[in-house]
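To start, the structure itself, in structure tokens.
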Amino acid sequence: MSKVITPQEQDYSKWYNDIVVEADLADHSAVRGCMVIKPHGYAIWEKMQQALDKMFKDTGHVNAYFPLFIPKSLFEAEEKNAEGFAKECAVVTHYRLKSDPQNKGKLIVDPEARLEEELIVRPTSEAIIWNTYKGWIQSYRDLPLLINQWANVVRWEMRTRLFLRTAEFLWQEGHTAHATKEEALIETKQMLDVYAHFAEKFMAVPVIKGVKTANERFAGADDTYCIEALMQDGKALQAGTSHFLGQNFAKAFDVKFANKEGKLDYVWATSWGVSTRLMGALIMSHSDNHGLVIPPKLAPTQVIIVPIYKGEEGLQKISVYAGELKKRLQEKNISVKFDSRDSLRPGFKFAEHELKGIPVRIGIGERDLENGTLEIARRDTLSKASIKMEEAETYIEKLLEEIQTNLYNKAAERMKNMTTKVDTYQEFKKVLDEKSGFVLAHWDGTSETEEKIKEETKATIRCIPLNNPEERGVCIYSGKPSTQRVLFARAY
RNA sequence: CGGGGUGUAGCGUAGCCCGGUAUCGCGCCACAUUUGGGAUGUGGAGGUCGUCAGUUCGAAUCUGGCCACCCCGACCA
């Protein structure tokens, strides 16, 4: 706790890492590329899960669970998808260990115990799910099938970063089956809207909704929709994706249904997901050099009460006062904790709760007892105010909303300021290097141009924004005609 | 996966070049005094020096393999 966080402007990655570790969100584990999500980090993830899960249920989805392992033959059924993930799959080849005859006390893989068919540790579950759906769907009456699962997946990444990219991560994956293309498309966009709503209303992170280009599309999808967020260092982060899978998986797994006319047709599919990567987005959107900043709607603890006292008697008196306050706040559904730890001084506690991002801190000392007041400190602005004890609930309730709004507004303002329209390649490179952020520019629509720009500048097309205004122009790279601007950025 | 770097108490480090079992700070435990922004004093505990092997009378120190982490590139949510 004594360690101070590396300032953002000194070293942004180090700052990020410090926040994750020092705010007790997660830690590196003994397993390469895998992290331990610590209680404080997991509590935030649970808040995210609760909010998202409710939105999924409200839109008619149900949860289920599918296996971690996918037989190789199933995995390779949808070729494009399989190819897309092949390079990063963990594979189970054996089912037993035995004592090492050469080395007492050690174990070796039993060569006798080779699996007849290798099992792939899921990097995503389309294969096993569509193989299962085949047995569940016969008629249009079985549709739509709207299922989500909360699970872990494994993608063997070369280079990992806590929350942003780890070999194993937690996520939810929705997999739906529909009778018509239109319905599947509506579902795809509906879930994109759910994600955007969640990001903006709960995470206080503004996002751009858009469609991916062919290069960036999910392997096996006809179209990939996404929400893109902008971090404080000007790099983009894909925060969620929703895929229109067409009939690709239905064909690969032979999932047909009888329509009202009795004719057989392949079903239409979608899949959509967000992961613990959202934790990274949350951190890099709001936090500062003092530590984590959590928007009230995702804060496991919204209010922390810190007593400032002299002697045991002093603590007793304040505890009674604080206990009453705590009860009143809890009645308003505000999550609140009383930090009565005896061995730490108030200043230390202030710093610690700041580091952990608790939105509101209430200080109560002798003076407050005498005057019937409370000292309120807000995490987002680091400002303090003194209020009357009587108005505590109404004040705090309003303050939490205000903090939530303020965080969103600040992030939205930043995104606006960091989004630049450019019309020449010179300008494009200059903005990327000197200002960074989102860059709106004309593009000729070809993968070749996209590749070239990526090679030369490391910027990728994050998306073609939805509801993009038509605008005549010429591609900044090739000079060919273009009808709309697309969103470029360097990305995580 | 390629190039570079690092690994010594829970954390951060000195020692390594020039071999002789380890320094300092924070934290931890006990007691006392403290408590409105990271307390102070006194006493105390804590180490197979990342790991495995080699060289040597003797290895934190020299050599090699492995592992992990960090930075840069390729890949990706």
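Please read all numbers here as calculations on a predicted model, not as lab measurements. Here is how names work: the chains are called A, B, and so on, in the same order as the sequence lines, proteins then strands, and each is numbered from 1.
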Touch check for [X], heavy atoms < 4.0 angstrom, all strands: base, sugar-phosphate only, or nothing?
X	value
A/Gly240	nothing
A/Thr241	nothing
A/Phe169	base
A/Ser343	nothing

Between [M] and [N] - [atom1] atom distance, rounded Å:
N	M	atom1	value
B/rG25	B/rC31	P	23 Å
B/rC72	B/rU13	C1'	26 Å
B/rG7	B/rG50	P	8 Å
B/rU48	B/rA22	C1'	14 Å
B/rC16	B/rU55	P	25 Å
B/rA39	B/rC26	C1'	14 Å
B/rG58	B/rG54	P	12 Å
B/rG4	B/rU21	P	34 Å

May I ask you to verify whether the side chain of [X] and the base of [N] hold a donor-acceptor pair under 3.5 Å?
X	N	result
A/Arg361	B/rG37	yes
A/Lys384	B/rG37	yes
A/Glu352	B/rG38	no

Can a side-chain donor-acceptor contact be found between A/Gln172 and A/Asn63 if the only test is distance below 3.5 angstrom?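 Judged by distance alone, the side chains do not pair up.
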
Whether the A/Ser242 and A/Thr188 side chains hold a donor-acceptor pair (N or O, under 3.5 Å, no angle test) is what I'd like checked.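 Note: A/Ser242 and A/Thr188 side chains miss the donor-acceptor criterion.
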
Using purine N1 to pyrimidine N3 plus N6-O4 or O6-N4 for Watson-Crick, or N1-O2 and O6-N3 for G-U wobble, each under 3.5 Å, what pairs with [N]?
N	result
B/rU56	none
B/rU35	none
B/rG19	none
B/rG46	none
B/rG7	B/rC67
B/rC75	none

Exactly one of A/Leu374, A/Val336, A/Ile334, A/Leu325 should register a side-chain contact (heavy atoms from CB on, under 4.5 Å) with A/Ile396. Which one does?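 Among the candidates, only A/Ile334 passes.
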
A/Tyr309: partners by ring pair (Phe, Tyr, Trp, His ring centres under 6.0 Å), with sequence neighbours left out: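 Here no residue qualifies.
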
Can you tell me which nucleotide in B/rG36, B/rC75, B/rG37 comes closest to the side chain of A/Glu354?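 Selected nucleotide (nearest to the side chain): B/rG37.
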
Closest to side chain of A/Ser13, choosing from B/rC71, B/rG36, B/rG38: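 The answer is B/rC71, which lies nearest to the side chain.
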
Ion pair present between [X] and [Y], side-chain N to carboxylate O less than 4.0 angstrom?
X	Y	answer
A/Lys429	A/Glu456	no
A/Glu450	A/Lys454	no
A/Lys235	A/Asp233	no

Distances for protein N/O vs nucleotides 67-69 of chain B N/O pairs under 3.5 angstrom?
residue, atom, partner, partner atom, Å
B/rA68, OP1, A/Arg32, NE, 3.2
B/rA68, OP2, A/Arg32, NH2, 3.2
B/rC69, OP1, A/Gly33, N, 3.3

Could you walk me through whether A/Gln190 and A/Thr59 satisfy the side chain to side chain donor-acceptor pair (under 3.5 Å) test, starting with their C-alpha distance in whole Å, then the side-chain angles of each, then the deciding distance to 0.1 Å, before giving a yes or no? CA-CA 9 Å; A/Gln190 172 185 246; A/Thr59 44; 4.6 Å; no

Does OP1 or OP2 of [N] have a side-chain N or O of [X] closer than 4.0 Å?
X	N	result
A/Lys310	B/rG36	no
A/Arg159	B/rC72	yes
A/Arg367	B/rG36	no

In chain order, what residues pass the side-chain hydrogen bond (donor to acceptor under 3.5 Å, both in side chains) check against A/Asn131, with sequence neighbours excluded?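 Testing A/Asn131 for side-chain hydrogen bond (donor to acceptor under 3.5 Å, both in side chains), a comparison that skips the adjacent residues, returns none.
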
